[in-house]
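Below: one structure, written as C-alpha cells.
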Amino acid sequence: MPQLFPHSANSSVRVSLVILVTVVAALAWVGVSYQYGPYTTRQGQTREQPVPFSHAHHVGGLGLDCRYCHTSVEGSSFAGIPPTKTCMNCHAQIWSGSSMLAPVRDSFRTGESIRWTKVHDLPDFVYFQHDIHIAKGVGCQSCHGDVDRMPLMYQAKSLQMRWCLDCHRAPEKYLRPKDQIFNTEYTYPANQLALGRQLIQQYHVRSPQDITSCSTCHH
Amino acid sequence: MYNQPKYVPMRPSTFFRDGRSERPAVPGTVARDELNDNDAVYQGRVGGSLVDTLPVPLTPELLARGRERYNIFCAPCHARVGDGNGMIVQRGFSRPPTFHQDRLRNAPVGHFFDVITHGWGAMPDYAAQVPVADRWAIVAYIRALQLSQHAPASLVPADHQADLNQPLRLPATEFGKAAPHGVDYPKEVQP
C-alpha cells in the first residue's frame, strides 16, 4: 500500500501548529489591547476643546487651588465645571483681547454655555461621588494624575472597574491626610501602608467587603 | 447602557431652548431651609447699615475655615498676607488695596461681607463661589490677618515679652542676598 502522505507532511503539521498558536496569541493580544488600551479607555488622549484651557498654567504656574473653579467638589457628587463668570473674574482684565478667549467673552456676553468636551466620562450605570472620596482621604491626584502639569486636559488613568477596585480592595495603598487632598506636590511617605491603615480607622473607611460590593457603585 | 437617556450634571438637553438640563429656579422661589430672613447674616446689614460685629459665633474652627477659604478664593489677588500683591495682580490685574491700612482696619465687618457678596471696583462678586457661612469665616480671618500685622506689643504673652528686645535671629551672611541654589532659608526669614 502506497503512503497516503508525503514526507513533507510532517513539517507541514509542525509549521501549521506554530502558525495556529501565533495567530491565537496575536488575536488574544489584539483583544486585550482593545479592551484595556487607550483606544477604548481614551487614557492619555487630549480632547478637542472650544478653548485650549491649560491646567498647567492655572494650577502649576499661578498656584490656583482646584476649588477656586471646582467649587462643589467637597459637597456634591459632581466637582463642578465653572461657569463662564469664573473665567471672567480674571479675564475681564487679563488677556482680555486674546482671540483664544473669544469663545469665553462671547459666552459671557450672550449667556450661551461654552460646550466643553467631558474628559472623565464614566458610564451612566456607575454612581461616582466626589464628596465621599474627599471625605475619606483620596487625593485629587490619585485619580486625575498630575493635572498641574497638563497643558491640555487628559484622562490619566484608565477609569476601568478593575482600576477602581485596585483601591477599593486596599485603600491603605492610596489614602492621604485630609489636609493634603488638594496638594499637587504630595508624595507618599515611606510608611504609607501603616499611615493608610491608620487613616482608614480615623476616617471610618468601610471594609473592603463593603466597598467592593456591587451595589456600592451600581445602584 | 453607557449613555442612558437621562440627565446627569451638565448633560445638554434638546427640550429646553437654551440647551441646558439644569434649570434656574422660578423667580421668587424659596427653597426649604433657605428663607434667609436674618439680615445681619445674609445681607451683612441691619436696617440698611453694615453690621459692625460678627453675626456668627467666633470659634477657632471658623478662623481655620476662613484661612482655608481665603487662601483659595482671595489669595490669588490679595496675597496670603493681605497686602494685595497676589499672583494674579503680578500678572496684570488691578492691585487691590492692602488690608493693613486704617480705612480697612476701621471698616465694619459688614463691609467685607458686602464686598465678597457684591464685588467692589475691579473685584467681581464671589456670591456664587463662596457660600454665606464661608464669607463670614473669611471676614473673621481678614480681621485676624489685620491683627497679625498690627498687634500692639502688649498682646505678646508676658513670658515672651523679653523676646521683643532680642535682635532678629537672621543668618547675617545670607540674608538679603540672592539665595544660592540648594540653600533653604528657614521659613520665617525667607526674603
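In what follows, chains carry the letters A, B, and so on, assigned in the order in which the sequence lines appear, proteins first and then strands, with residues in each chain numbered from 1.
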**Report entry** Other residues, nucleotides, ligands: >12 heavy atoms within 6.0 Å of A:Tyr127 OH
**Finding:** yes
Query raised in the report: Does CD in B:Gln149 sit with more than 12 non-hydrogen atoms of other residues, nucleotides or ligands closer than 6.0 Å?
Result: yes
Report summary line: Closest non-hydrogen atoms of B:Phe93 and A:Asn89, given as atom of the first, atom of the second and distance, are CE1-O, 3.3 Å
Requested in this report: Check whether any side-chain heavy atom of A:Ser113 sits under 4.5 Å from a side-chain heavy atom of B:Met10, and report yes or no.
Outcome: no
Report summary line: Closest non-hydrogen atoms of B:Pro124 and A:Lys85, given as atom of the first, atom of the second and distance, are CB-NZ, 4.0 Å
Query raised in the report: Hey, is CZ on B:Arg67 packed in by over 12 heavy atoms from elsewhere, all under 6.0 Å?
Result: no
**Report entry** Contact check, side chains of A:Leu64 and B:Pro76, non-hydrogen atoms, under 4.5 Å
**Finding:** yes
Query raised in the report: Where do B:Gly92 and A:Ile94 come nearest, in terms of heavy atoms and distance?
Result: C-CG1, 4.3 Å
Query raised in the report: Where do A:Arg115 and B:Pro12 come nearest, in terms of heavy atoms and distance?
Result: NH1-CB, 4.2 Å
Report task. May I ask you to check whether over 12 heavy atoms, not counting those of A:Trp116, lie within 6.0 Å of atom CH2? Result -> yes
Query raised in the report: Is B:Arg11 paired with A:Asp124 through a side-chain N to carboxylate O contact shorter than 4.0 Å?
Result: yes
**Report entry** Which portion of A:Ile81 sits near chain B, non-hydrogen atoms under 4.5 angstrom
**Finding:** both
Query raised in the report: Heavy-atom distance under 4.5 Å to chain B: side chain of A:Phe78, backbone, both or neither?
Result: side chain
Requested in this report: Would you check if A:Arg67 and B:Glu68 make a side-chain contact, meaning some heavy-atom pair closer than 4.5 Å?
Outcome: yes
**Report entry** A:Asp121 versus chain B, the contacting section by heavy-atom distance below 4.5 Å
**Finding:** side chain
Requested in this report: Indicate the atoms forming the closest heavy-atom contact of B:Met87 with A:Leu62, along with that distance.
Outcome: CG-O, 3.5 Å
Query - B:Gln4, CD atom: more than 12 neighbouring heavy atoms under 6.0 Å - result: yes
Query - Parallel, tilted or perpendicular, as decided by the 30° and 60° cut-offs, for the rings of A:Tyr68 and B:Phe73 - result: tilted
Query raised in the report: When you look at CZ of A:Arg206, are more than 12 heavy atoms from neighbouring residues, nucleotides or ligands closer to it than 6.0 Å?
Result: no
Requested in this report: Using a 4.5 Å cut-off on heavy atoms from C-beta on, say whether the side chain of B:Ser94 contacts that of A:Gln93.
Outcome: yes
Requested in this report: Determine whether A:Leu122 and B:Tyr2 make a side-chain contact, defined as any pair of heavy atoms from C-beta on separated by less than 4.5 Å.
Outcome: no
**Report entry** CG on A:Asp65 to CG on B:Asn71, rounded to 0.5 Å
**Finding:** 9.0 Å
Query raised in the report: Under 6.0 Å from the CZ atom of B:Arg45, do we count more than 12 heavy atoms belonging to anything else shown?
Result: yes
**Report entry** A:His57 NE2: over 12 foreign heavy atoms closer than 6.0 Å
**Finding:** yes
Query raised in the report: Is any NZ, NE, NH1 or NH2 atom of the basic residue among B:Arg69 and A:Glu74 found under 4.0 Å from an Asp or Glu carboxylate oxygen of the other?
Result: yes
Requested in this report: Select, from B:Asp125, B:Asp18, B:Val130, the one with the greatest count of heavy-atom pairs under 4.5 Å involving chain A.
Outcome: B:Asp125
